[in-house]
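Notes follow the structure.
The residues of the chain are indexed from 1 along the displayed sequence. The model shown is predicted, which means the values in this text are computed figures rather than measured ones. In each ligand, atom 1 is the first atom listed, and ligand 1 is the first ligand listed.
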Amino acid sequence: MAPFTCLLFAFLASLSMLKDTHLFCSADPTDGFTDVPLTEYNFEMQWPYNLNLSDRYSNTDGVRRLWVYSTDKPFNPTTTTKPRTEIRIRGYDYSSGVWQFEGYGFVPNGTSGTSIVQIHRTTYPATVLMLMVVDGQLKFYHRTLVEPNIYDRWMRVNVIHDVDSNKITVFVNDVQKLEIEGNGPNAFYFKCGVYGQTDETYYMESMWRDIRVLKKDG
Ligand SMILES: *[C@@H]1O[C@H](CO)[C@@H](O)[C@H](O)[C@H]1NC(C)=O
Ligand SMILES: *[C@@H]1O[C@H](CO)[C@@H](O)[C@H](O)[C@H]1NC(C)=O
């Protein structure tokens with residue numbers, strides 16, 4: 001049934017939208033979205049407060065590498081949160097509309113028990129989404145499998161947050177892998193990197209390139 005429906009839609013679409021080569025079945029997650037401009041200002045770094053950033057972060061040839069050790073200090077002296085090295089997208093906190101994070105991410109074998117993507121809130125609870133690496137699987141928190149066998153390969157990760165509909169979808173390599181309800185209105189922002197959670201390994205690392213933030217048109 002589903003493949004037929006898909007074909008039917010593609011056929012109907014081809015009648016009316018000959019220009020649109022994506023049609024319904026292989027749409028790019030960014031279709032209908034527009035990039036917001038990003039400069040280094042928009043990449044706010046968080047890292048163990050007693051270290052220099054270069055001890056836990058590098059940005060070489062467009063690849064941002066973030067790492068942290070489970071014994072590191074938190075990102076500021078007044079919090080008891082676990083160690084992290086993260087990019088916090090600054091300047092595009094959002095509380096309405098449809099927003100999207102895109103990045104190509106890479107997690108080396110040996111990193112586990114760590115969040116690599118977050119949609120952060122500004123009031124409790126702290127997050128509405130964490131994508132966590134658990135023994136080589138990418139999961140929604142510790143719960144739902146998003147993508148298996150992620151070690152040592154680049155993945156295109158697209159996270160779409162429809163605030164007004166309270167809905168979040170995650171695409172990996174252009175395939176939708178997760179759709180969840182949000183936890184209600186708030187002001188949100190995107191993060192990526194490494195942030196120790198549960199049963200975290202001593203060493204945690206993720207790499208990111210071609211990070212984009214997009215907003216749905218209209
Ligand atoms: C940070 O870098 C400065 C300048 O290179 C150096 O003097 C300082 O010792 C470094 N701090 C740490 C904690 O490594
Ligand atoms: C990860 O590394 C361990 C230890 O070297 C190895 O046994 C395992 O097969 C590796 N896993 C993957 C998915 O490469």
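- Here Phe190 and Tyr94 bring their ring centres to under 6.0 angstrom of each other.
- At least one N/O-N/O distance between Asn52 and ligand 1 falls below 3.5 Å.
- Among residue pairs with one or both ends in residues 105-123, none qualify as salt bridge (Lys or Arg N to Asp or Glu O under 4.0 Å); sequence neighbours excluded.
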Please tabulate, one line per pair, the protein nitrogen or oxygen atoms found under 3.5 angstrom from a nitrogen or oxygen of ligand 2, with distances to 0.1 Å, or say none if there are no such pairs.
{"unit_1": "ligand 2", "atom_1": "2 (O)", "unit_2": "Asn109", "atom_2": "ND2", "d": "2.3"}
{"unit_1": "ligand 2", "atom_1": "11 (N)", "unit_2": "Asn109", "atom_2": "ND2", "d": "2.9"}
{"unit_1": "ligand 2", "atom_1": "14 (O)", "unit_2": "Asn109", "atom_2": "ND2", "d": "3.3"}

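- Residues Phe106 and Trp154 place their aromatic rings such that the two centres sit under 6.0 Å apart.
- Atoms of ligand 1 lying under 4.0 Å from any heavy atom of Asn50, numbered from 1 in the order shown and given with element: 13 (C).
- A cation-pi arrangement, defined by a distance under 6.0 Å to the six-membered ring centre and an angle within 45 degrees of its axis, is present between Arg90 and Tyr41.
- Between Asn186 and Thr123, the side chains place a donor N or O and an acceptor N or O closer than 3.5 Å (distance only, hydrogens not considered).
- For His161 and Phe188, the ring centers sit closer than 6.0 Å to each other.
- Residues Glu200 and Gln197 bring no donor and acceptor atom of their side chains to less than 3.5 Å of each other.
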